[in-house]
Amino acid sequence: MKKVSLFLVLVMLATMLSLPAVAEGAYNMPELNTTDPITVTFMTWDDYELTQALADKFMEQHPNITIELVYTTTGDVSATLLNMAAEGALPDVFFWLDLDPLLSNQMMMDITDLVENDEEYVTKLYPSLQNAGYVDGERCFFMPGENLPAVVYLDKGVFDKLNVDLPGQDWTWEDMCELIETMSDPSQGIWGYNFFMGPVTCGPLSLVDNSKGEFGWNGESYDFEVWAECMELQSEYARKGYQAIGGSDEYLAVVPDNLWPGESGHVAIQMDAYWTLNNIYTQAYCLERGVNMVPYNIPAGDGVENAGRFSWVDFISISATCEHPREAYEVAKFLTWGKDGWLARAELYPNILNEAGDPIYRVPGSMPMVADDEVIAAMAAIMPELKTAAGDVYWSDWEGFLANCTNPVTFGGRTIPGFNSFIANYYHGSDFNGYTGIEAAINANAINLWDYVDDLNTTGREYYDQTMQVFFSVYGQP
């Protein structure tokens, strides 16, 4: 625990240095209304059983507050919010996926005074999550709602076969790349890696100091030079045969039934998602093939300060029309990122059952968002020991994993104004020497990607500026 505690101290120090200054002991959070009956509506799209259980626990602690859950889907949420806003019927708290529509329609409340007077927000929430909601650098309009980190899985079965030791949980990006290259062994039908979110997505976060968004976004500009390096690396790995490519002749010669590479037992490293552990790697059919995946966080580059770790982070806002923002904030915090809510989750996860009486969550549905020893210990205690098909434990260092599961950074469209328009219209939509989209042109060897780095940096910033003009016209200047 000593290493974990020291790490958390450093995280909290970085947190306090990364936000607008709040004097120690100067937190002036308004008191909750504890007598008048108040209803808070909360819109979400998943984990209904857990969310309801958390809501019930909150209402036990605050008998005058009623939480009404409103359900939507990820596919419908943007249109639903626009319709609700037009009707003046926004939920008090709501999840969302696309930032830009919220910037051009005054749906979000300015919650700066709430977050900056909340000691827990300022001292415990991971730095990248604290900063994300500051759209203009001065005002905060949203908070994290869910954290589903990208995970690099290392197949212990493959490592044992090649007599290679697994790295520590504090490994680096360079360690990962070396393993991808050295673990590839065509003579034994083993590929170095396969990916869901690969180097071109994760690298510009892991390799850029204080990265805040995709493609090395630092709050003011992109860093497409690092993107270019990662694009070249990803292409090189495919060309040299380090990447398992399902359906290829080389792959079918080893895996004739064309199983997904990540569950084939022939891939040393799988860059994937946290939920893959629950959905695949703890399932009997996968273990029976000898696949024993150990989870690691996306590693930071050697010497990179405050590297971002790619994650699927969903955000929540308090609506601009909310009548009880102080109480809505407390509800939102308990149901999403707050310490008390996470300690409640540690109690609830093992005890939420399906109709057959089996736990719904073999593995907790998401990861914590606060740097806190008590939360880490409580969550580590309910995480499953990973076992082989024969029942032998092959890995259980969840405290090590959780201690490195920090500084999550998500898709640009959720935190960078103008990002989605930039990607749709320019990155994927423009003509690049006869090909639509720059990646298509790169894959066809039709362009030199380095010729476009400056244009990408400049155009990305232009889309940001255009979107911020719209935001200021709707929300006003700070």
Reported CE-to-CD1 distance for the pair Met197 and Ile298, which is rounded to 0.5 angstrom: 10.5 Å
Phe419/Trp217 aromatic ring centres below 6.0 Å: no
Polar side-chain atom of Tyr153 near backbone of Ala273 as donor-acceptor pair, under 3.5 Å: yes
Taking every non-hydrogen atom, the tightest pair across Ala344 and Leu54: CB-CD2, 3.9 Å
Side chain proximity check, Phe215 to Ile416, heavy atoms < 4.5 angstrom: no
Residue pair Phe411 / Leu97, side-chain heavy-atom distance below 4.5 Å: no
Separation of Ser366 OG from Glu146 CD (nearest 0.5 Å): 5.0 Å
Side-chain donor/acceptor of Glu385 to backbone N/O of Val393, under 3.5 Å: no
Residue pair Thr410 / Glu214: nearest heavy atoms and the distance that separates them: O-CG, 4.1 Å
Polar side-chain atom of Asn131 near backbone of Pro127 as donor-acceptor pair, under 3.5 Å: yes
Worked verdict on Met293 versus Leu277 for side-chain contact (heavy atoms from CB on, under 4.5 Å): CA-CA 8 Å; Met293 289 295 195; Leu277 182 64; 5.8 Å; no
Heavy-atom check, side chain of Asp372 versus side chain of Trp342, under 4.5 Å: no
Donor-acceptor pair, side chain of Arg309 and main chain of Asn407, under 3.5 angstrom: no
Flag, side chain of Asp47 to backbone of Thr51, donor-acceptor distance under 3.5 Å: no
Result of checking Trp96, Tyr134, Tyr329, Trp337 against Phe142 for ring pair (Phe, Tyr, Trp, His ring centres under 6.0 Å): Trp96
For Val158 against Gly265, the heavy-atom pair lying closest together: CG2-O, 3.5 Å
Flag if over 12 foreign heavy atoms under 6.0 Å of CD, Gln61: yes
Working for side-chain contact (heavy atoms from CB on, under 4.5 Å), residues Leu50 and Ile360: CA-CA 10 Å; Leu50 174 68; Ile360 290 177; over 6 Å; no
Check: Val115 main-chain N/O paired with Asp118 side-chain donor or acceptor under 3.5 Å: no
Under 3.5 Å: donor-acceptor pair, side chain of Ser128, backbone of Pro408: yes
Any donor-acceptor pair under 3.5 Å from Asn210 side chain to Asn306 backbone: no
Close side-chain approach of Leu205 and Cys202, heavy atoms under 4.5 Å: no
NZ/NE/NH1/NH2 to OD/OE distance under 4.0 Å, Lys333 and Asp340: no
From CE (Met109) to OG (Ser319), nearest 0.5 Å: 6.0 Å
Gap between atom CZ of Phe95 and atom CD1 of Ile316 - 0.5 Å precision: 6.0 Å
Heavy atoms from other residues, nucleotides or ligands near CD of Glu220 exceed 12 (cutoff 6.0 Å): no
Separation of Asp314 CG from Asp46 CG (nearest 0.5 Å): 7.0 Å
Name of the residue among Glu49, Arg345, Gln52 meeting side-chain contact (heavy atoms from CB on, under 4.5 Å) with Ile352: Glu49
Minimal non-hydrogen separation, Arg362 against Gln283, with atom names: NH2-NE2, 2.6 Å
Full working for side-chain contact (heavy atoms from CB on, under 4.5 Å) between Met143 and Ile111: CA-CA 9 Å; Met143 302 181 288; Ile111 57 173; 3.6 Å; yes
is_close_aromatic(Tyr463, Tyr427), centroid dist under 6.0 Å: no
Heavy-atom side-chain proximity of His62 to Asn64 below 4.5 angstrom: yes
Under 3.5 Å: donor-acceptor pair, side chain of Asn292, backbone of Thr388: no
Trace of the ring pair (Phe, Tyr, Trp, His ring centres under 6.0 Å) decision for Trp395 with Tyr281: CA-CA 13 Å; Trp395 186 83; Tyr281 292 140; over 10 Å; no
4.5 Å side-chain heavy-atom contact, Phe401 and Asn297: yes
Verdict with reasoning, Thr112 to Cys140, per side-chain contact (heavy atoms from CB on, under 4.5 Å): CA-CA 5 Å; Thr112 310; Cys140 183; 4.0 Å; yes
His324: ring pair (Phe, Tyr, Trp, His ring centres under 6.0 Å) partners, not counting sequence neighbours: none
Short side-chain to backbone donor-acceptor contact, Asn33 and Thr35, under 3.5 Å: yes
Within-4.5 Å side-chain heavy-atom neighbours: Pro384 and Trp398: yes
Under 3.5 Å, side-chain donor or acceptor atoms of residues 81-93 against the rest of the protein: list the pairs with distances, not counting sequence neighbours.
from, atom 1, to, atom 2, distance (Å)
Asn83, ND2, Ala79, O, 3.3
Asp92, OD2, Thr41, N, 2.9
Asp92, OD2, Thr41, OG1, 3.2

Minimum heavy-atom distance Val409-Lys212, with the two atoms named: CG1-O, 3.4 Å
Distance (rounded to the nearest 0.5 Å) between Asp272 CG and Glu263 CD: 10.5 Å
Qualifying residue, where the test is side-chain contact (heavy atoms from CB on, under 4.5 Å) with Met271 and the options are Phe196, Tyr193, Tyr296: Tyr193
Aromatic contact, Phe334 with Phe42 (centres under 6.0 Å): no
Residue pair Asn147, Ser311: steps toward the side chain to side chain donor-acceptor pair (under 3.5 Å) verdict: CA-CA 7 Å; Asn147 175 28; Ser311 179; 2.6 Å; yes
Criterion side chain to side chain donor-acceptor pair (under 3.5 Å) on Tyr475 and Asp110, from CA distance to verdict: CA-CA 9 Å; Tyr475 286 85; Asp110 179 351; over 6 Å; no
Contact check, side chains of Glu119 and Lys124, non-hydrogen atoms, under 4.5 Å: no
Please tabulate, for the side chains in residues 66-75, all donor-acceptor contacts under 3.5 angstrom to protein atoms that are two or more places apart in sequence or on a different chain.
from, atom 1, to, atom 2, distance (Å)
Thr73, OG1, Asp76, N, 3.1
Thr73, OG1, Asp76, OD2, 3.0

Which atom of Pro261 lies closest to which atom of Val267, heavy atoms considered: O-CG2, 3.4 Å
